[in-house]
Amino acid sequence: MYALVDGNNFYVSCERVFRPSLVGRPVVVLSNNDGCAIARSNEARALGVAMGVPWFEIEHLAESSGLVALSANFALYGDMSDRMMSLAAGMGPEQEIYSIDESFIDLDGVRGCLAERGHKVRDRILQWVGIPCCVGIGTTKTLAKLANYIAKTAERKPGSYPASLAQVCNLAALTPSALQAVLAATEVREVWGVGRRIEAQLKEGGIHTALDLARLDPAMVRRRWSVVLERTVRELQGLACIALELAPARKREIACTRSFGHPVTHLADLGEAVTEFASRAAHKVRQQGSLAGQVLVFIRTSPFRQQAQYSRSISMPLRRPSADTGVLVAAALRGLRAIYRPGYELARAGVMLLELQPSTVLQGELELQQESAAPQRARLMTAIDDLNQRYGRSTVVMASAGLAGDRRVWTMKQERRTPAYTTCWADMPVARA
DNA sequence: TCTGGGGTCCTAGGACCC
DNA sequence: TCTGGGGTCCTAGGACCC
């Protein structure tokens with residue numbers, strides 16, 4: 001038996017904790033570069049704001065309907081997430097943190113009424129952290145996910161489901177006929193693992209609801225679609241196929257990519273951006289104790305604009321795997337020079353580290369030239385990471401990153417950013433008597 | 001004028017081997 | 001006229017997730 005604890009409109013809820021005046025108002029949080037809406041309050045949703053819609057298309061709602069837009073503040077959301085997760089863990093013996101606002105809890109061995117327990121955890125998170133959550137419970141992760149959707153929808157849209165399922169929904173406690181009714185009232189698109197493409201194919205075959213999907217023959221689903229969708233069907237039928245993942249797996253690739261605040265045409269500016277992206281990726285790869293075997297760098301124009309398009313990437317194999325910022329930045333810059341062509345208005349670039357492997361199994365190599373500088377370089381990286389941790393992210397950077405500030409054309413737009421209330425002393429909220 | 005970022009898994013098809 | 005069978009590895013692309 002599994003529970004899924006999931007924050008409601010998580011980014012918006014984080015912002016509302018520190019700006020209670022936003023409660024009850026239509027609010028969206030924008031992606032990096034203030035591009036698209038990536039979170040929306042129920043009030044914004046009611047205005048017809050779709051997930052992922054570009055800001056410029058809904059900006060008029062600010063004037064006409066009081067829609068408030070905020071730039072994404074990931075430092076805040078990450079910290080609020082840690083607080084919420086530590087309380088959600090109280091639901092059962094094991095927890096898998098699945099995303100910034102969701103965790104699966106294993107309920108094996110938990111006694112008593114599960115829904116009651118879910119309400120207690122929900123109340124505690126609301127009171128101690130300030131984030132409203134919903135809890136879904138089911139015999140498989142897919143059913144717990146669906147239960148969570150039902151708990152949220154029943155709360156937001158009275159009448160869509162029985163009111164008793166709002167906020168906390170335990171599908172395993174329903175009678176078979178009640179369960180069927182609930183599944184029949186749920187669009188197939190809401191099932192975890194069914195995206196737009198598969199939804200269209202299913203609907204063509206007359207499969208419209210979660211109940212329709214649950215009634216398919218798994219073997220047929222495998223033949224016609226894939227083992228992935230077959231697993232989904234079996235999970236809907238109550239057979240657990242997807243296990244809880246307790247320790248986050250080591251990432252197999254690590255990326256840092258950004259859209260630019262303004263179009264970039266000069267190699268010098270691109271070099272600064274690529275240096276920063278490679279440096280950040282290098283830091284991430286060190287954090288997880290890995291080395292990269294290849295560095296991929298790409299640049300591209302905006303596919304949304306009517307202009308000459310250019311999109312290229314190149315993969316640079318390293319002579320030996322590395323997590324050294326100097327090595328990775330140099331490779332990325334070599335790649336950049338190889339793919340750069342003047343005359344294009346570039347909108348985006350990125351660096352990906354591939355062929356990651358644990359740093360503990362570094363293959364030995366004959367040292368033909370001189371004594372290895374590796375230990376000193378590793379200590380240097382640790383020192384840089386420590387300094388940046390202590391004094392701020394860009395305290396020590398590679399010279400090719402250029403000087404931060406006014407001259408940079410490429411840094412992303414963040415015009416509506418709220419303070420880092422919980423992670424920066426200078427931004428701490430002040431209470432007045 | 002303005003359109004995010006970071007991942008995973010699976011499959012099909014090509015290259016290559018004996 | 002007639003042109004095998006079986007296997008592995010790699011990559012690109014599709015689909016999904018939040």
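Each chain gets a letter, A, B and so on, in the order its sequence line appears, and its residues count up from 1. Only heavy atoms go into these numbers, but all of them, side chains included; no hydrogens, no water, no symmetry mates. Quantities reported herein were computed from a predicted structural model and do not represent experimental measurements.
Residue contacts for A:K251: at a heavy-atom cut-off of 4.0 Å it reaches the sugar-phosphate backbone alone, with no base atom in range. Heavy atoms of A:I100 sit nowhere under 4.0 angstrom from any nucleic acid atom. Using a 4.0 Å heavy-atom distance criterion, A:D101 is classed as a sugar-phosphate-only contact.
Within residues 44-73 of chain A, the residues having any heavy atom under 4.0 Å from DNA chain B are, by residue number, A:P54, A:F56. Of the residues in residues 191-216 of chain A, A:V191, A:W192, A:G193, A:V194, A:G195, A:R196, A:R197, A:I198 come within less than 4.0 Å of DNA chain C through at least one heavy atom, sorted by number.
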- request: With pairs defined as Watson-Crick or G-U wobble and both distances under 3.5 angstrom, please note down DNA chain C as a dot-bracket string, | for pairing with another strand.
  value: ....||||||||||||||

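A salt bridge links A:R408 with A:E276; the closest basic N to acidic carboxylate O contact falls under 4.0 Å. Comment: A:E43 engages A:R16 in a salt bridge, judged by a side-chain N to carboxylate O separation of less than 4.0 angstrom. Ionic pairing of A:E230 and A:R234 is present here: one or more N-O contacts between side-chain nitrogen and carboxylate oxygen are shorter than 4.0 angstrom. Salt-bridge check for A:E155 with A:R122: passed, with a basic side-chain N closer than 4.0 Å to an acidic carboxylate O.
Heavy-atom nearest nucleotides on DNA chain B were determined for A:R222 and for A:A255, and the one closer to the 5' end corresponds to A:A255. The residue among A:W225 and A:R250 whose nearest nucleotide of DNA chain B lies closer to the 5′ end is A:R250.
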Using a 3.5 Å cut-off and no angle test, enumerate the donor-acceptor pairs between side-chain atoms of residues 416-424 of chain A and protein atoms at least two apart in sequence or in another chain.
residue: A:R417; atom: NH1; partner: A:Q414; partner atom: OE1; Å: 2.7
residue: A:T418; atom: OG1; partner: A:E15; partner atom: OE1; Å: 2.8
residue: A:T418; atom: OG1; partner: A:E15; partner atom: OE2; Å: 3.2
residue: A:T418; atom: OG1; partner: A:N73; partner atom: ND2; Å: 3.0
residue: A:T422; atom: OG1; partner: A:D79; partner atom: OD2; Å: 2.7

Show which side-chain atoms of residues 50-64 of chain A pair as donor or acceptor with protein atoms under 3.5 Å away, not counting sequence neighbours.
residue: A:H60; atom: ND1; partner: A:E57; partner atom: O; Å: 3.4
residue: A:S64; atom: OG; partner: A:H60; partner atom: O; Å: 3.2

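A centroid separation of less than 6.0 Å is found between the aromatic rings of A:F104 and A:W192.
Look at the C1' atom in both B:dC17 and C:dG4: the space between them is 14 Å, to the nearest Å.
With a cutoff of under 4.0 Å to any heavy atom of chain A, the contacted region of DNA chain C is bounded 5' to 3' by C:dA15 to C:dC18.
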